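Just below is one structure, and these are the notes that go with it.
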Protein chains: 2
Amino acid sequence: MPTTADPATRAALQQARRDYADLRDRKLSLDLSRGKPSPAQLDLAADLLSLPGDRYTAADGTDCRNYGAPLGLRELREIFSPLLDVPTDQLLAVGNSSLELMHDCVVHALLGTTLPGAQGRWVDEGRIAFLCPVPGYDRHFDLCERFGIDMIPVPLTETGPDMAVVEDLVRTDPRIKGIWCVPKYSNPSGTTYSDDTARRLAAMPTAADDFRVFWDNAYAVHHLTDEETEVADILTACAEAGHPDRAFVFGSTSKVTFGGAGVAFFGSSQANVDWLRRYSAKRSIGPDKVNQLRHVLFLKDADGVRRHMLRHREILRPKFDTVDRVFTEQLDGTGLADWTRPKGGYFITLNVLDGCAREIVRLASEAGIALTPAGATHPYREDPQDSVIRIAPTYPTADDVEQIAHAVTVCVRLAGYEKLAG
Amino acid sequence: MPTTADPATRAALQQARRDYADLRDRKLSLDLSRGKPSPAQLDLAADLLSLPGDRYTAADGTDCRNYGAPLGLRELREIFSPLLDVPTDQLLAVGNSSLELMHDCVVHALLGTTLPGAQGRWVDEGRIAFLCPVPGYDRHFDLCERFGIDMIPVPLTETGPDMAVVEDLVRTDPRIKGIWCVPKYSNPSGTTYSDDTARRLAAMPTAADDFRVFWDNAYAVHHLTDEETEVADILTACAEAGHPDRAFVFGSTSKVTFGGAGVAFFGSSQANVDWLRRYSAKRSIGPDKVNQLRHVLFLKDADGVRRHMLRHREILRPKFDTVDRVFTEQLDGTGLADWTRPKGGYFITLNVLDGCAREIVRLASEAGIALTPAGATHPYREDPQDSVIRIAPTYPTADDVEQIAHAVTVCVRLAGYEKLAG
């Protein structure tokens, strides 16, 4: 097939086509789409399956089996207080999912009149908006879409959201009520916000008096290297900047113990905690404290969590290394892609030539490899450059990760050289 | 002290005053306020504390430890399908609390556009209203109050809500979007709705096309006698009446296994189930399936639940009998009170002379006995006759129940004779 491309590109395209045909012939069926812990990681918490055993009483005498204790068990909150940088008194342990807590914070702000700083119910203010650093987490964006909250994308830099853009937008637009942040090992880029970014988020003037930073610290203890990255204490930063009620902190053990049967946390100023409790008390007569006690007995203390995460790291690090090695072997110097080498978290971001991401995901799918849909990293599932692919290497086995990574590079080469060959 | 009352009343008042002074001297500290299971009841499910043991896989191969399975485990839904009269495919098992599910159904109807039959979001329709059979459950009323939903009280008769009143209201007023129903062993009266009541709820014309029956079957299997009262299958009744989407069914094991660590259920038409799932999928990546598996292994099947409830009955029945015996001994023939003798559920309703309920609860509190606040059984915590007191005999020990019941009768006599003596 004659093209305008140079001979080297044409040769590379021919090779990519042969490799892709081989790949399809292998009739694989593999999934790299979601950031789920693998069975081997879940096995690390096997003791939870027979805990709490004959115990059912919390340190303060609470019978964990019965109703009540809306704050969650104090001893569990004490374990996660230093890990999430939230004073124990301002940290709630409720439910099995931090996403639920984010959802409910939006709901209670939409339907309640008492959010500190708010003039009334968000639902009565017409269309409101959230800032969405991109690439970002699709489930954050889905919450906005579900509630009709406009999404304004903001570029994510190596130090966090582009703060000049953020500051400019929130200073002038009172419709902007919040910003989604995954401050450490961000989904999917692995970015950790700098202290300066946190300080500016805390200090910036906002046109909306009830502006909130949704600080989803999902990967607080999820290191992949010896360099255990720390992120600023956002609640203290906000308090020092004179905006004590600005930040909502979220966390969970979904990727520490069990994805479906962990415990989740909300931390904030006392005023915000009282606000959330006021409404959540109408919804629930208390969290599952038996599961909380189970976690206390298993994790023991903050150092117990840190030790446990080292065991996750032993399983995860080789998978991330494999992806990097295969990508380097197959793509380095091609000019077709670059990718992140995260120091923690669950994802690698693969940046490909503009206009190629959707095609690469489609090619992979045809070859039996499920990737996260292109666009999922952006509001409205629309990546304007069509260039970002989220790679989630945690769930498959190490062998499968190698196969999948190799398959992805075949698809990257095929789509990339097709584009370059015109 | 001279009064206009007859000598017998005056003598009875003097005796009541002496008895109340004696009661206060005993400096009791006892609580009959909430419908909580007792520690002995919770002990019945002690096996749950070390389950699932080495199991973590559901019948369909789902790894219960990980994310996913938004419907809940099928084998758990199969157990509760016949108990709640909901086909397994239309029954969701999610979370630890049916109150949460009721809350979320209201939220999603307020904020979503796709409730079957709805013209749009409830929040855009101005003030809406729910019918509240009285006496009823304070947490239902709290949900309405929290969301600014007007509450219209409807008398609860011996066969359920006064259907002539209900039919008349919903036929003409499109603001009325729902009715709270505890159809079996109602909180607090113990009333079970007749088949005719269920049929009329299902069939009645409603001005609102998106009217919903919130069928909170909280006491579906909570019998206190050999006469195991059944209630109509509301979903079938609605479907047969041409209103397949009218009923939301709720249930939980909060009073079967653990108050705080049970499992909860939502059942409805397929259209309603799809509606709830569509929104709850934005909130959660799946319920705690390990706890669901735990319940499956412990309860085994519907007959296992029934057998387990017999053991609850053995603990609870003597407490209810004690209250009835003491009330009969102390109050029968006085004209000061009557009370219910429920065949199931968690409560006895004590009806006292008009204007006396608040005073009796106050007197009891001064004597160290915590009762449910008078008015809690009515919308806005306002019992217009001030005559209904909810008695919750489940939590205290059998000895304490006897003491408390006796103390309550002293307060009933004191307040009652004070009133009669003018």
Side-chain angles (χ1 to χ4, degrees), chain A residues 34-39 42-43 45-46 48-56 63-69 95-97 99-100 102-104 107 110-112 121 123-124 139 142-143 145-148 254 257-262 278-279 281-291 294 395, chain B residues 34-39 42-43 45-46 48-56 63-69 95-97 99-100 102-104 107 110-112 121 123-124 139 142-143 145-148 254 257-262 278-279 281-291 294 395:
Chain A
R34 296 299 325 177
K36 293 165 60 171
S38 66
L42 300 169
D43 287 344
L48 282 178
L49 296 173
S50 48
L51 285 171
D54 52 6
R55 278 279 301 275
Y56 54 78
D63 187 331
C64 296
R65 303 169 301 177
N66 220 327
Y67 294 112
N96 72 326
S97 152
L99 183 67
E100 294 184 351
M102 295 176 226
H103 174 281
D104 289 359
V107 162
L110 283 165
L111 293 175
R121 308 191 304 174
V123 80
D124 294 325
R139 293 190 192 273
D142 284 353
L143 281 185
E145 203 167 357
R146 180 261 176 277
F147 292 119
S254 294
T257 56
F258 291 154
R278 173 177 173 165
Y279 292 123
K282 304 301 179 196
R283 183 177 184 274
S284 165
I285 319 178
D288 180 344
K289 298 172 299 298
V290 174
N291 201 34
R294 200 173 274 132
Y395 186 79
Chain B
R34 297 296 327 174
K36 293 165 61 171
S38 66
L42 299 169
D43 287 345
L48 283 178
L49 296 173
S50 49
L51 285 169
D54 52 5
R55 277 277 302 275
Y56 54 78
D63 187 331
C64 296
R65 304 169 300 178
N66 221 327
Y67 294 110
N96 73 326
S97 152
L99 183 67
E100 295 184 352
M102 296 176 224
H103 174 281
D104 289 1
V107 162
L110 283 166
L111 293 175
R121 308 191 304 174
V123 79
D124 294 324
R139 293 189 192 274
D142 284 352
L143 281 185
E145 203 167 357
R146 179 261 176 277
F147 292 118
S254 294
T257 56
F258 290 155
R278 172 176 174 167
Y279 291 124
K282 303 301 179 198
R283 184 177 183 272
S284 166
I285 320 179
D288 181 343
K289 298 172 298 298
V290 174
N291 201 35
R294 201 173 274 133
Y395 187 78

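Throughout, protein chains are lettered first and strands after them, A, B, ... in sequence-line order, and every chain is numbered starting at 1. The structure displayed is predicted, hence computed values, not measured ones.
Residue B/Asp124 holds its CG atom at 9.0 Å from CG of A/Asp124, rounded to the nearest 0.5 Å. In this structure, CZ in A/Arg283 is found 11.5 Å from CZ in B/Arg146, a value given to the nearest 0.5 Å. Taking CG from A/Leu42 and SG from B/Cys64, the interatomic distance works out to 11.0 Å, rounded to the nearest 0.5 Å.
Considering all non-hydrogen atoms of both residues, A/Asp288 and B/Asn291 come closest at OD2-ND2, 3.9 Å. Between A/Arg121 and B/Val123, the shortest heavy-atom contact is NH2-CG2, 3.8 Å. A/Gly53 and B/Ser50 make their closest contact through CA-CB, 4.3 Å (heavy atoms, listed as atom of the first residue, atom of the second, distance). The heavy-atom pair separating B/Tyr67 from A/Ser254 by the smallest distance is OH-CB, 3.2 Å.
Using modelled atom types, one side-chain atom of B/Asn66 and one backbone atom of A/Pro37 make a donor-acceptor pair closer than 3.5 Å.
Interface residue B/Ser97: only side-chain heavy atoms are found under 4.5 Å from chain A. In this structure, the portion of B/Leu143 lying under 4.5 Å from any heavy atom of chain A is its side chain and not its backbone. Only the side chain of B/Asp104 comes within less than 4.5 Å of a heavy atom of chain A; its backbone N, CA, C and O stay farther away. Within the 4.5 angstrom heavy-atom criterion, only backbone atoms of B/Arg55 (N, CA, C, O) approach chain A. For B/Ala45, no part sits under 4.5 Å from any heavy atom of chain A, backbone or side chain. Interface remark: B/Pro287 contributes backbone atoms only to the contact with chain A (heavy atom separation under 4.5 Å).
With chain B as the partner, the residue from A/Val107, A/Ile285, A/Val290 showing the most heavy-atom pairs under 4.5 Å is A/Ile285. Contact count against chain B (heavy-atom pairs under 4.5 Å) is highest for A/Glu100 among A/Glu100, A/Lys289, A/Arg278. Contacts with chain B were tallied for A/Ala261, A/Gly286, A/Gly259; A/Gly259 has the most, counting heavy-atom pairs under 4.5 Å.
Taking 4.5 Å as the limit, every side-chain heavy atom of B/Arg65 sits out of range of all side-chain heavy atoms of A/Thr257. The closest side-chain heavy-atom distance from A/Leu48 to B/Tyr56 is not below 4.5 Å.
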